[in-house]
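We count residues from 1, following the sequence as given. All figures in this text were calculated on a predicted structure; none of them were measured in a lab. Excluded from the calculations below are hydrogen atoms, water molecules and symmetry mates; all remaining heavy atoms, backbone and side chain alike, are included.
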Amino acid sequence: MNDKRPRIAVIGSTNVDFCSYVARLPQAGETIGNGVFMQANGGKGANQAVAAARLGGDVSFVTAIGTDSIGDALLKHFENEGIDCSAVSRIADVSTGIALIVIDKKGENIITVNPGANAMLTCECIAAVKELIAGVDAVVMQAEIPYSSVKCAAQLAHDAGVAVIYNPAPVCEVDDEMMALTDVMILNQTEAAILSGSEDTAEAAQRLLNRGVKNVVITLGSKGAYFSCANGTSATIPSFQVKAIDTVGAGDTFCGAFAVAYSRRKAVDLDSLRFASAAAAISVTRNGAQPSIPSIDETLSFITHHNELSEKK
């Protein structure tokens, strides 16, 4: 990878994650005891911003947080990560977003999100950072802020010739206009099936391409990732085999890492996906969303190590 740091604007949510680690996930109405508690910074937007920053991006974060003590702490945290926070909105009388997460011993999880200030990231907030959006290499968004705001940002980026990377998660309805504004859509298998109406990975990707998306990346968990492009290129890249202990934030780490690689290479290809997959693989071997995100040096060393192992086989 070259030394230039791509400029990336991440527009999305900020939460604090309250995590409980248990032997297995509870059924409806069931109480599971003997959990281990951990508090960690999260939110899909914040996770992706931190990931992009640690993995080599020059990141500006557009988000909304409360004027509460949690918001104060998060702002300092982002600044310590080297993230430009000039576009962070502080909303009075509204709490910062909160996520409640339960993780079992296999690393699987269930999550509920209380949006708080995230719901206040309006089109007016987006319009106020029009110049910032026009000055970056890529805009990265998710679905934990109002959909109208996502579309406003996508239109501004598109008009300025800036790449739009969209991760519609938690899964939501996406209209054809937003599809056409999206340069790269990143989804997991469940999200792809819901949005496309097909559980077949290749068919799901093609249906999304048919609706106007230029490139589709579908993450497959331990089976790797599949990509398909409007130019006819498609392939599956295998995952790095690791022992997962916590999958929370793995998809966000993938998105942040991919945004850096894509902005450098200006392409969806095996190298950009391998870099993103490596960062995500490292993240699942650690607890927490943002605490698990690796640095660019860790990720490159990880890839080198696995390349050397492959050559010896």
Checklist entry - Listed by chain and number, what are the side chain to side chain donor-acceptor pair (under 3.5 Å) partners of T201, not counting sequence neighbours? => result none

Checklist entry - Between F37 and F18, what is the ring plane arrangement, given parallel below 30°, perpendicular above 60°, and tilted in between? => result parallel

Next on the checklist: I'd like to know if the side chain of K214 reaches the main chain of A180, judged simply by a donor and an acceptor atom lying under 3.5 Å from each other, with no hydrogens or angles considered.
Outcome noted: yes

Item to check | Pairwise ring-ring contact (aromatic ring centres under 6.0 Å, His included) hits with a residue in residues 143-196, at least two apart | outcome: none

Checklist entry - Taking atom types as modelled, is there a side-chain donor on T233 or N231 under 3.5 Å from an acceptor on the other? => result yes

Checklist entry - Mind checking whether V88 and L74 have side chains closer than 4.5 Å, heavy atoms only? => result no

Item to check | Other residues, nucleotides, ligands: >12 heavy atoms within 6.0 Å of D176 CG | outcome: yes

Next on the checklist: Counting only heavy atoms not in K106 (residues, nucleotides, ligands), do more than 12 fall under 6.0 Å from its NZ?
Outcome noted: no

Anything under 3.5 Å between a donor and an acceptor, one on a side chain of residues 186-196, the other on a protein residue two or more places apart or in another chain? List them.
from, atom 1, to, atom 2, distance (Å)
N188, OD1, T190, N, 3.2
N188, OD1, E191, N, 2.8
N188, ND2, E191, OE2, 3.3
E191, OE1, N188, N, 2.9
S196, OG, A192, O, 2.6
S196, OG, S198, N, 3.1
S196, OG, S198, O, 3.3

Item to check | Residues that E298 engages under salt bridge (charged side-chain N to carboxylate O under 4.0 Å, His left out), provided they are two or more places apart | outcome: R286

Checklist entry - Taking only residues two or more places apart in sequence or in another chain, which ones pass side chain to side chain donor-acceptor pair (under 3.5 Å) with D137? => result R7

Item to check | Side-chain H-bond candidate by donor/acceptor type, D269 with S272, under 3.5 Å | outcome: yes

Checklist entry - Does any N or O in the side chain of D246 come within less than 3.5 Å of the main-chain N or O of G288, such that one atom is a donor and the other an acceptor? => result yes

Item to check | Test side chain to side chain donor-acceptor pair (under 3.5 Å) applied to S283 - qualifying residues, sequence neighbours left out | outcome: none

Checklist entry - Any side-chain heavy atom of N167 within less than 4.5 Å of one from F254? => result no

Checklist entry - Can you tell me if CE on M120 sees more than 12 non-hydrogen neighbours from other groups inside 6.0 Å? => result no

Next on the checklist: Could you work out, with side chain to side chain donor-acceptor pair (under 3.5 Å) as the rule, every residue matching Q290, not counting sequence neighbours?
Outcome noted: N47, H77

In a table with atom names and distances, give each donor-acceptor pair under 3.5 Å that connects a side chain of residues 221-230 to protein atoms at least two apart or in another chain.
none

Checklist entry - Quick one: salt bridge (charged side-chain N to carboxylate O under 4.0 Å, His left out) partners of D271, sequence neighbours excluded? => result R265

Next on the checklist: Restricting to side-chain contact (heavy atoms from CB on, under 4.5 Å), what partner residues turn up for S20, sequence neighbours left out?
Outcome noted: V22

Checklist entry - Do the side chain of D17 and the main chain of C19 share a donor and acceptor less than 3.5 angstrom apart? => result no

Next on the checklist: Please check if the number of heavy atoms outside E199 that lie under 6.0 Å from its CD is greater than 12.
Outcome noted: no

Item to check | Pair listing, salt bridge (charged side-chain N to carboxylate O under 4.0 Å, His left out) test, anchored in residues 227-239, at least two apart | outcome: none

Next on the checklist: Is it the case that the side chain of D68 and the backbone of T96 share a donor-acceptor pair, with hydrogens and angles ignored and the cut-off at 3.5 Å?
Outcome noted: yes

Item to check | Residue pairs fulfilling salt bridge (charged side-chain N to carboxylate O under 4.0 Å, His left out) with at least one residue in residues 39-55, sequence neighbours excluded | outcome: K44-D252, R54-E81

Checklist entry - Is the shortest distance from a Lys or Arg side-chain nitrogen in K4 or D58 to a carboxylate oxygen in the other one below 4.0 Å? => result no

